[in-house]
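Predicted model, so just to flag it, every value in this text is computed and none were measured. Chain A is the first sequence line, chain B the second, and so forth, proteins listed ahead of strands; every chain is numbered from 1.
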2 protein chains.
Amino acid sequence: MMITANRLPASGPGYAAGMPNTPVVTLQHIADLVGVHKSTVHRALRGDPRVEAGTTERIRAAAAQLGYDPAVNQGARALSLRKTGKVESNQLIALLFPVVFTRGAYFQRMYVSFMEAISLARYDVLARIHDTAVPSLPPSVVRGDVDALVALNHPKELAAVQTALAAVPAPLRRPLITLFTPMPGASLVTADLHQAGRLSMAHLLDLGHRRIITVANMAFRSEERVEGCRAELAARGMDPDRHLVALESDKRIPDEEQRLAEVLDRLLAAAPDATALLAPQDQAAQKFMRLLAERGRPVPERMSLMGCDDTDPVPGPGGGNILSSIALPLEQLGREAANLAMEAPAEPRTIVLPVSLRVRATTRPPT
Amino acid sequence: MMITANRLPASGPGYAAGMPNTPVVTLQHIADLVGVHKSTVHRALRGDPRVEAGTTERIRAAAAQLGYDPAVNQGARALSLRKTGKVESNQLIALLFPVVFTRGAYFQRMYVSFMEAISLARYDVLARIHDTAVPSLPPSVVRGDVDALVALNHPKELAAVQTALAAVPAPLRRPLITLFTPMPGASLVTADLHQAGRLSMAHLLDLGHRRIITVANMAFRSEERVEGCRAELAARGMDPDRHLVALESDKRIPDEEQRLAEVLDRLLAAAPDATALLAPQDQAAQKFMRLLAERGRPVPERMSLMGCDDTDPVPGPGGGNILSSIALPLEQLGREAANLAMEAPAEPRTIVLPVSLRVRATTRPPT
DNA sequence: CTGTTAGCGCCTTCAG
DNA sequence: CTGAAGGCGCTAACAG
C-alpha cells in the first residue's frame with residue numbers, strides 16, 4: 001500500500017490579500033492570556049462547576065477576545081477522545097445515491113426536503129454519487145467524521161455499502177439508514193408500498209375493472225406493490241391470478257421506450273381483455289399512455305391507466321394533471337430520513353409512511 | 001463561550017450484529033507485527049527510498065494484512081502536519097447554495113454536472129444550504145477539512161461567506177469559487193452574460209424590432225445582460241435609450257406573479273409601442289407570455305418574447321419548446337466550478353463560458 | 001478548586 | 001538504513 005502525498009497548494013497571496021492573518025487559537029493561548037493552566041481553560045469552557053466562577057468568567061472573556069473556535073481543533077479532540085472510546089458529533093450526515101436519481105422530480109423532492117431538514121438543524125450533508133464504479137466509502141465516512149449514512153440505491157449497491165462499512169473499524173462505524181430497500185442491521189425509511197398496491201387495485205376494482213395488467217419490476221420494491229394488489233383482490237375474495245397479470249420488463253433492453261413497448265405487448269398478448277394498466281411509475285405511465293394510443297387503446301376511453309409516485313404530471317387539455325396515481329410522501333420521506341440520521345439511533349429503526357390515492361382523469365369504469 | 005457536549009450514541013449491538021469488530025489499525029500495530037519502529041513503517045508506506053527494499057515489502061504486506069487504511073487516521077496526520085505548516089487534501093469540496101435554487105431546472109442542471117465531475121475524481125461534496133438565517137460556515141470548512149468552497153448566491157450572502165471565511169485561521173482557510181457573481185479575492189466561474197444581452201438584442205434587431213422592453217433586476221447579474229443589450233445597440237450606431245426600455249421589478253412585492261404583472265404594466269406604460277419583451281429568465285418568460293395575452297398582446301402575433309437560460313421550455317401546440325432564448329452552458333458551468341475547486345488554485349482565476357442563441361417560435365418580425 | 005501528566009496517531013528532526 | 005524523541009491540541013486521570 002502507498003500513502004499518496006496529495007498536497008494542497010498553500011494559500012497564496014491572492015487569497016491573503018485583504019484577509020487577516022488569523023492564527024489558530026488553542027486552549028494554551030487562552031491559558032497564557034489568563035494565567036492559568038490549559039486544563040483549567042478546558043474545564044471552564046465546558047462549564048465544569050468545579051472551576052471558580054470568576055476564573056470561568058475571565059477565561060470565557062479571553063476565549064471570546066482571541067476568537068477561540070472549538071470547531072477548529074475538532075481533529076485533536078477526536079484523537080484524544082478515541083482514548084476513552086467516546087465519539088463526538090460532527091453535525092454531518094453522509095448521503096449516498098446513484099447518478100440516475102439526480103435527474104427527475106422523484107429524487108429531487110426527497111433530496112430538497114432532506115437538505116432542508118439537515119440545514120435547519122445546522123447539520124451538513126456529505127454527498128456522494130455512489131455507483132458500482134465508485135464502490136468505496138468517502139474518506140470522511142471511513143474516518144468516522146459523519147454521524148450517520150443515508151443511502152438510496154438498489155439492493156446490490158446497498159449491499160456493497162454495507163460490506164464497505166463492515167470494513168471500517170468498529171469505533172468509527174456509523175449507523176446506516178436506507179430508503180425504500182430494507183437491509184439487515186440498517187434503519188429503514190420507506191413508504192407503505194404494499195398499501196400503494198392495495199389502494200390502486202381497490203380503486204380500479206371499485207370502478208368495475210376485472211382484468212388488470214401491471215409491470216412487476218420497474219421501481220423500488222415493485223414486488224411489494226404487486227403483493228399489495230394481490231392482497232386487495234384476496235381481501236375481496238377474488239382470485240389474484242385471474243384478475244391481475246404482472247410481467248417483468250426485460251432489463252437487457254437498454255432503450256427505455258423499447259423496453260416499455262416490449263413488456264406492454266407481452267402484457268396485452270397475455271391479457272387481451274385487460275381494461276386497466278397499473279404503471280409502476282408516473283414517468284412510465286406517460287409513455288405507456290402514448291404506446292397504448294398507438295395500439296388502438298386510447299386512455300381513458302378504451303383503457304384506464306394509473307401511475308405511481310405522483311411525481312410527474314401528465315398535462316391534459318386544460319393544462320392540469322390528468323394522471324390518476326398513488327402519492328408518495330416524498331418530502332416527508334426526506335425529512336424522516338434526515339431526522340433519523342441526525343438521531344443516529346444505536347438500534348436500527350423502521351419508519352413506514354402512508355401513501356394516498358389521487359383519482360384523476362385517466363381512470364374510469366370500463367366500457 | 002461554551003463547548004457543548006454533543007455526544008453520539010455508541011454503536012449498539014444492533015449494528016454490531018454480524019459486523020466484524022475491526023479495531024483501528026495504526027502504524028504501531030504494523031511495526032509490532034514486522035518488528036521495526038513505527039517511523040520505519042511510516043517511511044516504508046510513503047515509499048521512502050532510504051528504507052531497505054525487503055523491509056518495505058514486509059511492511060507493506062503487514063499493512064495489507066492488518067487492513068491499514070491511512071484515511072482512518074487523517075485527523076492525527078493533519079494535527080501533526082500543522083506543526084510544519086503543511087496541508088493535505090481531503091478530497092472534499094464544500095458547496096454552499098440557497099434553498100430557492102434547489103427547485104427548478106436551472107440549479108439542478110449545474111448541480112448534477114458538478115456532482116458528477118466531483119465524483120468522477122473521487123472527491124466528495126459537503127453540501128450546505130446557505131441562507132441569511134444560517135450564516136455560519138460548516139464546521140468542516142472552519143476546520144480546514146475541505147479543499148475549496150464553491151458558493152452560488154447573491155452578492156450579500158457571498159459577502160457574508162467571505163467575512164466568515166476571513167475569520168477562519170489563515171492556515172485553515174481555503175480558496176473560494178463563486179458562480180456568476182464576481183467577488184474580490186475569489187475565483188469566478190460564469191457565463192458571458194454580456195454576450196447573452198448582445199445576442200438577444202441582435203436577434204430582435206435583425207427581426208426588425210425597434211422598441212424593446214426588459215426587466216433589469218431579476219436574475220444573476222442582470223445588469224451585465226442589459227449592458228450587453230445596450231452595447232449591441234451602440235455597436236449598430238443606435239441610441240440605447242431610445243430602443244431599449246429597462247425597468248426594475250419591485251422586490252417588495254412578495255408574490256412573483258403580481259411582481260411580474262406590476263413591472264410589465266409599468267413597462268407597457270413607458271413604451272406602449274414596444275414590440276418585443278426580453279425576459280431575464282425562462283420561468284418569467286412563461287408567465288409574461290400569459291400576462292401579455294391577458295393584456296391583449298398575444299405572443300408572438302402582437303409581441304415577440306425572448307427568455308434567457310434556456311432551462312424551462314414553453315410547450316407549444318406540438319409539445320415542443322417554442323420559447324426563443326439564450327442557452328447558458330449550465331452543465332459546463334458546474335463542471336468547470338468542480339474542476340477549479342479541485343485544483344484549489346492559490347491565485348484567484350476567472351472562467352467565462354460562451355452562451356448561444358436559440359431561435360424558436362416566440363420571436364418573429366413585428367407586424 | 002487547580003496543576004501535572006500521559007497519550008490519542010502521526011510526521012519530522014536528530015542520532016546513530 | 002533505522003530508532004528515538006518531541007510535539008500538533010485535546011481530554012481524562014491523578015495529584016495536590
Next item on the list: Taking side chain to side chain donor-acceptor pair (under 3.5 Å) as the test, write out the residues that go with A:Thr181, two or more places apart.
Entry: none

Note to self: Using the side chain to side chain donor-acceptor pair (under 3.5 Å) criterion, which residues pair with B:Ser80? Sequence neighbours excluded.
What the structure shows: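 Partners of B:Ser80 by the side chain to side chain donor-acceptor pair (under 3.5 Å) criterion come out as none, since no residue qualifies.
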
Note to self: Regarding A:Val36, tell me which of base, sugar-phosphate or nothing describes its non-hydrogen contacts under 4.0 Å with the strands shown.
What the structure shows: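 Sugar-phosphate, no base atom in range.
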
Notebook entry, point to check: Does the side chain of B:Arg128 come within less than 4.5 Å of B:Ser136's, by heavy atoms?
Noted result: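 Yes, side chains in contact.
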
Output the rounded distance in Å from [atom1] ([X]) to [atom2] ([N]).
X: B:Arg46; N: C:dC11; atom1: CZ; atom2: C1'; value: 8 Å
X: A:Leu172; N: C:dG9; atom1: CG; atom2: C1'; value: 12 Å
X: B:His29; N: C:dG9; atom1: NE2; atom2: P; value: 7 Å
X: B:Leu27; N: C:dG9; atom1: CG; atom2: P; value: 10 Å
X: A:Asn73; N: C:dC8; atom1: CG; atom2: C1'; value: 15 Å
X: B:His37; N: C:dG9; atom1: NE2; atom2: P; value: 15 Å
X: B:Gln28; N: C:dC10; atom1: CD; atom2: C1'; value: 11 Å
X: A:Leu45; N: D:dG9; atom1: CG; atom2: C1'; value: 13 Å

It should be established whether [X] places a side-chain nitrogen or oxygen under 4.0 Å from OP1 or OP2 of nucleotide [N].
X: A:His42; N: D:dC10; result: no
X: A:Arg77; N: D:dT11; result: yes
X: B:Tyr68; N: C:dG9; result: no

Hey, could you give me the [atom1]/[atom2] distance between [X] and [Y], rounded to the nearest 0.5 Å?
X: B:Met115; Y: A:Ile129; atom1: CE; atom2: CD1; value: 4.5 Å
X: A:Leu79; Y: B:Leu79; atom1: CG; atom2: CG; value: 6.0 Å
X: B:Asp32; Y: B:Leu27; atom1: CG; atom2: CG; value: 11.0 Å
X: B:Leu126; Y: A:Leu92; atom1: CG; atom2: CG; value: 6.0 Å

Sort me out a list of protein N/O and nucleotides 6-8 of chain D N/O pairs below 3.5 Å, or just none if empty.
from  : atom 1 : to      : atom 2 : distance (Å)
D:dG6 : N2     : B:Lys83 : NZ     : 2.9
D:dG7 : O4'    : B:Lys83 : NZ     : 3.4
D:dG7 : N2     : B:Ser80 : OG     : 3.3
D:dG7 : N3     : B:Lys83 : NZ     : 3.3
D:dC8 : O2     : B:Leu79 : O      : 3.4
D:dC8 : O2     : B:Ser80 : N      : 3.2

Checklist line | For DNA chain D, the residues among residues 51-59 of chain B that have a non-hydrogen atom under 4.0 Å from it | finding: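 DNA chain D contact set from residues 51-59 of chain B: B:Val51, B:Glu52, B:Thr55.
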
Checklist line | Aromatic centroids of B:Tyr111 and A:Tyr111 separated by under 6.0 Å | finding: yes

Next item on the list: Ignoring hydrogens and angles, tell me if any N or O in the side chain of A:His154 forms a donor-acceptor pair with the backbone of A:Lys156 under 3.5 Å.
Entry: no

Next item on the list: Check whether the side chains of B:Asn73 and A:Arg82 place a donor and an acceptor atom closer than 3.5 Å, and report yes or no.
Entry: yes

Note to self: Would you say A:Gln91 and A:Asp124 are linked by a side-chain donor-acceptor pair, where the criterion is simply a distance under 3.5 Å?
What the structure shows: no

Next item on the list: Could you pull out all residues at least two apart from A:Glu336 that satisfy salt bridge (charged side-chain N to carboxylate O under 4.0 Å, His left out)?
Entry: none

Check nucleotides 13-15 of chain C against the protein and report each pair of N or O atoms closer than 3.5 Å, with its distance, or say if there are none.
none

